[in-house]
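Please read these numbers as outputs of a predicted model, since none were measured by experiment. Quick note: residue numbers are just sequence positions, from 1. Scope of the values below: all heavy atoms of this structure, side chains included, with no hydrogens, waters or symmetry mates.
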Amino acid sequence: MATSTSTAAVAAPAVVEEHQFPLPPILTHPSATPPTLITQGAEGRLYKSTFFSPDIPCALKYRPPKPYRHPVLDARLTKARLAFEAKVLDRCRREGVPVPAVYAQNAAAGWIAVEWIEGAPVRAKINEWLGERPKNEEEERSAAEKDPEPLIELMRRIGAAIAGLHRTGVVHGDLTTSNMMLRPHTKKTTTTTTSEQTNGVSNNQETAKLLEGDVVIIDFGLANQSQSDEDRATDLYVLERAFASTHPRAENLFEHLLESYKQSFKKGASVLHKLEDVRMRGRKRSMIG
């Protein structure tokens, strides 16, 4: 959703009775539910509030005016960016891509309200599943014996979700596991379920309780429309580098994400071929500094 922000609530979010930033006018209306400031990014702030009814939570992204920009230019950039973000989200929803629904927007006033995604960021869930870093040989052996299948299944679901995004002609621009939510499945009344389809990939609930759920992609503040294999490969490269940095102990499982992406997208093979070129250029830049 918002640039450098997420619809996931961080630990102990700041309730905005005493918040340090002026609220956007939409959140000062007497009928508005008291908002909670979730996070602040370089380009905007993210609040949790409600939409029309107290039982419909929403995430409201607000891009405040930038004092270092000319007011006319700033207003024009903010309006264009938010309007485009809403357009991209609407397009993705129509095509069945797992993204938040747009509830309302006022690009001129600098805000957009979208569906609040319950659950936790994929980043937090993967790190919880991995546990603390082993401190001795016994813990290392225990970690090595852990069945990786639940995490592999999650990687496949992520790959399928990204494939759906790219299939619509949209590149995210900032793919990280922080910009993906793991939304719990709706509780079912049936007692015998062997497997379930999530984002087009089967999910074994018996072995993947911690990592089960629907992958929802959020934070489209840097998204763009593109049919270019180069742009799609760059999207994957950004995620690959971020994943290796955030989850180094699971880096070897990233190939399952790419394989799922390839199987879920008919142009996936050509995108992965281009990814090799993008990686090569990235290594050259690292060597040159």
Original post:
Any link between Val215 and Trp129 through a network of hydrophobic side chains (Ile, Leu, Val, Met, Phe, Trp, Tyr) touching at under 4.5 Å?
Top reply: yes
Original post:
CZ of Arg69: more than 12 outside heavy atoms within 6.0 angstrom?
Top reply: yes
**OP:** Give the C-alpha distance, both sets of side-chain angles, the deciding distance and a yes or no for salt bridge (charged side-chain N to carboxylate O under 4.0 Å, His left out) between Glu43 and Arg81.
**Re:** CA-CA 11 Å; Glu43 289 293 317; Arg81 188 68 252 180; over 6 Å; no
Original post:
Counting only heavy atoms not in Lys262, do more than 12 fall under 6.0 Å of its NZ?
Top reply: no
Original post:
Would you say the side chain of Met180 lies within less than 4.5 Å of the side chain of Leu175, judging by non-hydrogen atoms?
Top reply: yes
**OP:** Please check if any side-chain donor atom of Thr246 sits under 3.5 Å from a side-chain acceptor atom of Arg123, or the reverse.
**Re:** no
Original post:
With respect to Val278, which candidate in Val271, Leu236, Val238, Thr234 satisfies the side-chain contact (heavy atoms from CB on, under 4.5 Å) definition?
Top reply: Thr234
Original post:
Side chains of Pro35 and Leu60: closer than 4.5 Å at any heavy-atom pair?
Top reply: no
Original post:
Do the non-hydrogen side-chain atoms of Phe243 and Thr176 ever get within less than 4.5 Å of each other?
Top reply: no
Original post:
Is the shortest heavy-atom distance from the side chain of Asn179 to the side chain of Ile217 under 4.5 Å?
Top reply: no
Subject >> Test item: side-chain donor near acceptor, Asn224 and Asp231, under 3.5 Å >> reply: no
Subject >> Reported CG-to-CG distance for the pair Leu130 and Leu151, which is rounded to 0.5 angstrom >> reply: 6.0 Å
Original post:
Rounded to the nearest 0.5 Å, how far apart are CD of Glu115 and CZ of Phe51?
Top reply: 12.0 Å
Subject >> Spacing of CD belonging to Glu128 relative to CG belonging to Leu210, to within rounding of 0.5 Å >> reply: 4.5 Å
Original post:
Are the side chains of Leu239 and Ile162 in touch, meaning some heavy atoms are under 4.5 Å apart?
Top reply: yes
Original post:
Is a salt bridge present between Glu230 and Arg281, judged by a nitrogen-to-oxygen distance below 4.0 Å?
Top reply: yes
Original post:
Below 4.5 Å, heavy atoms only, C-beta onward: do Ile38 and Trp116 meet side chain to side chain?
Top reply: yes
**OP:** Using modelled atom types only, decide if a donor and an acceptor are shared between the side chain of His172 and the backbone of Ile218 within a distance under 3.5 Å.
**Re:** yes
Subject >> Residue pair His247 / Phe254, side-chain heavy-atom distance below 4.5 Å >> reply: no
Original post:
Charged N to carboxylate O below 4.0 Å: is that the case for Asp229 and Lys274?
Top reply: no
Original post:
So, are Glu259 and Arg156 salt-bridged, with charged N and O less than 4.0 Å apart?
Top reply: no
**OP:** Walk me through it: do Tyr237 and Leu275 pass the test side chain to side chain contact (heavy atoms under 4.5 Å, CB included)?
**Re:** CA-CA 7 Å; Tyr237 181 68; Leu275 177 60; 3.8 Å; yes
**OP:** Answer whether the closest heavy-atom distance between the side chains of Pro24 and Tyr47 falls below 4.5 Å.
**Re:** yes
Original post:
Stepwise, does the salt bridge (charged side-chain N to carboxylate O under 4.0 Å, His left out) test hold for Lys209 with Glu212?
Top reply: CA-CA 5 Å; Lys209 285 187 177 181; Glu212 67 182 3; over 6 Å; no
Original post:
Donor-acceptor pair, Ser260 side chain versus Leu257 backbone, under 3.5 Å?
Top reply: no
Subject >> Whether Ser245 side chain and Arg241 backbone form a donor-acceptor pair below 3.5 Å >> reply: no
Original post:
Strictly by modelled atom types, are His166 and Asp235 linked by a side-chain donor-acceptor pair under 3.5 Å?
Top reply: yes
